[in-house]
Amino acid sequence: MGTLKRSNYCNDLNQTHIGQEVTLMGWVLRRRDHGGVIFIDLRDRYGLTQVVFNPELNAEVHAKAHGLRSEWVIAVRGRVSGRPDGMVNSKLATGEIEILVDELRILNRSKTPPFPLDEDVEVSENLRLKYRYIDLRRPQMAEALVKRHQACQAIRTFLNDLNFLEIETPVLTRSTPEGARDYLVPSRVNAGRFYALPQSPQLFKQLLMVAGMDRYYQIVKCFRDEDLRADRQPEFTQIDMEMSFITEEEIIEVAEGMINRLFQATLNLEVAPPFPRITYREAMDRFGTDRPDTRFGLELTSLTEVVKDCSFKVFKTVVEKGGMVKSINAKGCADFSRKDLDDLTSYVANFGAKGLAWVKMKENGEWQSPIAKFFTEEERKAMAATLGAETGDLLFFVADTPAVVHAALAELRLELARRLGFMPAGSFNFIWVTDFPLVEYDQEAKRFTAVHHPFTAPREEDLELLESDPGKALSRAYDLVLNGTEIGGGSIRIHQMELQEKIFLALGITPEEAREKFDFLLQALELGAPPHGGLAFGLDRLMMILCGRESIRDVIAFPKTQKAGCPMTDAPASVARKQLTELSLRPDWKED
RNA sequence: GGGGUCGUAGUUCAGUUGGUUAGAAUGCCGGCCUGUCACGCCGGAGGUCGCCGGUUCGAGCCCGGUCGGCCCCGCCA
């Protein structure tokens, strides 16, 4: 760069700077070479500035500028000049001015980039990930990283002011049963033993409460070796927090304040807590899911009572077998085509529904429906009344086990909302889901598993149920849901050894196993553990929604592909045999 | 583990019933051009049709397999 020193960014010059000498550094986004005058759009993280090379002002520099190409890195020194009349570009923050260049330095050349940066063409994600450092030069990608930074900054400021301490916890830790598959790291100095990367710092943060740290938080990487989705990466970031001598209400208040501050800092938006709350039971009844998208209606209505004695065998049989019949009334959608209905039917089949019955409400309560003939007029009237069905409505029905009915209709509800445009950009609906069951029965494992995690406290009034009917016991857990995505969850924890042992027992973890795997926790619970609780947010998901993106990959600087690989570094990669033998590992796979 | 979908020029895509030399736009290279802002005009280069095998006189197109991207189910306390 020689003696040149950057004086300004590419977004901050305007009319007030006219006449000043400035030095800008950045990348060549576009060049418009008129043979005579040459225009370069110079780009840095902050924005764009048009720089001008005029042969009449400086022939030597103009000649040099002739060779500039896309993504070359340059420094220009020149004078800020107001643009001539009629040449102002209102689409540009710096559109009132341009730089008349006196000195041009080429700091680095660039090969032609593998994909264009100056146009809105959709580039394959694989290529973007392979050259992620180029992809991140695009303003919309940089913007996500900026917002993510602003969010983290807001979180730290907010929690610091409430006496929280940011404390790091180990990345090399031990594998514990339950939960997701662990990423394992072999120990060189302890042959045959392995560390596990943390699925979350859950137990460490509890132990920090036992240590009297009172309030802890951490923005921390977590690792789960499970298959990927648009909203799931094997390594992801949690905003993890824990408090001592605390109740659900206080935790929720802190969380709401933090989320509000975060939206202020990133979008300058008030999300106006307190957020509404719904119990798990009600969420399932009304939305078929424990993470309802509350931006729109299309709620589920039970018809089980109405149709239990009806003449339609399919419904009747399902009810007799203990199943249920539920319905969604898509108001005013009777104009859906046969193809729409076929598409929706095969869509819900993905979620286990064996069929999707529908009714188009015509004039005078007439049904246009393949199943109309199976019902008496009274039955049709009763069903329509229950659903509030009017002329022009489209009714959908699913009859099956509760699990299938809820899964199918919850997904149908979302698909309808997508088709009807009920998910506008920039709307953010939060809702707390409370009163989760403590445990659920795992048919495959033939035992109960924790709905939240094994350290979640049951409601005091449900303690007796632990032995008599564990499935009925409710927990002191809560999830925060944003636009139908679970963005965070937490609970009041168990802080007494006896209760923790009892829960382990209910989960089919024997006292011996508990002592082997969780001895450190049980000991701590006997050594002055205070009542405590907390929660964790998924930062990636939160930022994805906040930035209006479809995938968390768009808010992660260097994400993984669906096969958990990195096209840029080509990780995971094979290692030298010596590295394995040092770790006392003997491969049985074929080597390249 | 399973279902779906995609893979053709640097990039984004088209490619008919299987038929001669695989096209477009953009980018790239060269030339012209002094007020553009996705500058314009003229010319040129650029292809292992993901890979392997099969069917066929003949395959980008059909069949089998395989690799990779994406979406989903299972999985994700």
Side-chain angles (χ1 to χ4, degrees), chain A residues 29-42 48-57 59 62 66 69-71 81 83-92 94-95 98 100 111-131 134 176-182 199-200 202-203 222-234 236 346-352 407-408 411 415 436 438-440 442 444-445 448-456 475 477 486 489 491 503-504 507 509 536 538 550-551 553 560-563 565 567 570:
Chain A
L29 177 64
R30 266 187 293 263
R31 91 195 141 95
R32 292 178 292 281
D33 188 339
H34 289 244
V37 69
I38 298 172
F39 300 99
I40 296 289
D41 288 339
L42 187 67
L48 270 192
T49 300
Q50 174 166 284
V51 301
V52 185
F53 298 89
N54 191 323
E56 286 170 9
L57 294 178
H62 173 266
H66 192 71
R69 293 294 180 271
S70 288
E71 298 310 303
S81 169
R83 293 198 187 181
D85 282 347
M87 301 299 163
V88 166
N89 185 344
S90 57
K91 286 185 283 186
L92 223 54
T94 57
E98 58 195 7
L100 306 180
K111 295 205 288 191
T112 302
F115 51 87
L117 291 167
D118 63 328
E119 284 173 52
D120 265 339
V121 264
E122 199 71 15
V123 178
S124 89
E125 197 172 5
N126 203 30
L127 196 66
R128 287 171 50 204
L129 291 182
K130 181 164 182 181
Y131 300 97
I134 295 173
T176 51
E178 307 261 330
R181 197 175 292 114
D182 283 318
Q199 296 181 25
S200 87
Q202 180 61 34
L203 292 176
C222 302
F223 306 87
R224 294 175 192 179
D225 187 5
E226 299 292 349
D227 288 345
L228 291 84
R229 291 283 190 283
D231 63 353
R232 263 164 41 190
Q233 288 268 304
F236 62 100
S346 57
Y347 185 71
V348 297
N350 292 331
F351 308 98
E411 294 294 342
E415 179 59 23
F436 280 87
L438 185 71
V439 297
E440 65 191 342
D442 182 335
E444 218 170 288
F448 285 99
T449 58
V451 167
H452 192 58
H453 57 54
F455 319 109
T456 296
S475 74
E486 182 204 324
S491 63
I503 297 291
F504 280 151
L507 295 174
I509 302 174
E550 298 288 319
S551 157
R553 292 187 298 274
K560 301 274 189 288
T561 66
Q562 196 162 51
K563 291 273 299 278
D570 209 21

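Predicted, not measured: the structure shown is a model, and the values here were computed from it. In the text below, chain A, chain B and the rest are named by the order of the sequence lines, each starting its count at 1.
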**Student:** With A:Glu125, which residues qualify under salt bridge (charged side-chain N to carboxylate O under 4.0 Å, His left out), at least two apart?
**Tutor:**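 Testing A:Glu125 for salt bridge (charged side-chain N to carboxylate O under 4.0 Å, His left out), a comparison that skips the adjacent residues, returns A:Arg553.
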**Student:** Write down the partner of B:A24 under the Watson-Crick or G-U wobble criteria, each distance required to be under 3.5 Å.
**Tutor:**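 Looking at the geometry, B:A24 pairs with B:U12.
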**Student:** Going by an N to O cut-off under 4.0 Å, is there a salt bridge joining A:Arg232 and A:Asp227?
**Tutor:**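 Answer for the salt bridge query: no.
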**Student:** Without decimals, in angstroms, what is the distance between A:Leu117 CG and B:G10 C1'?
**Tutor:**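 It works out to 13 Å between those atoms.
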**Student:** From B:C70, B:C37, B:G74, pick the nucleotide closest to the side chain of A:Gln562?
**Tutor:**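 Between B:C70, B:C37, B:G74, the one nearest the side chain of A:Gln562 would be B:C70.
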**Student:** Round to the nearest Å and state the distance from A:His453 atom NE2 to B:C76 atom P.
**Tutor:**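 Atom-to-atom, A:His453 to B:C76, this comes out as 16 Å.
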**Student:** Measure CZ/A:Phe115 against C1'/B:G69 and give the value in whole Å, please.
**Tutor:**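 Roughly 15 Å, once rounded to whole Å.
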**Student:** Under the rule for side-chain hydrogen bond (donor to acceptor under 3.5 Å, both in side chains), what residues qualify as partners of A:Asp231, not counting sequence neighbours?
**Tutor:**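 Once residues adjacent in sequence are excluded, A:Asp231 has no partner under the side-chain hydrogen bond (donor to acceptor under 3.5 Å, both in side chains) criterion.
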**Student:** Rounded to whole angstroms, how far apart are CZ on A:Arg30 and P on B:U26?
**Tutor:**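 The answer, rounded to whole Å, is 15 Å.
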**Student:** Grab the CZ-C1' distance between A:Arg232 and B:C72 for me, whole Å please.
**Tutor:**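 It works out to 11 Å between those atoms.
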**Student:** Considering only the P atoms, how many Å lie between B:G27 and B:G15, rounded to the nearest integer?
**Tutor:**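 Nearest-Å result for B:G27 against B:G15 at atom P: 24 Å.
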**Student:** For a quick check, with a 4.0 angstrom heavy-atom cut-off, what is the B/S/- contact string for nucleotides 29-36 of chain B, read 5' to 3'?
**Tutor:** SS--BBBB
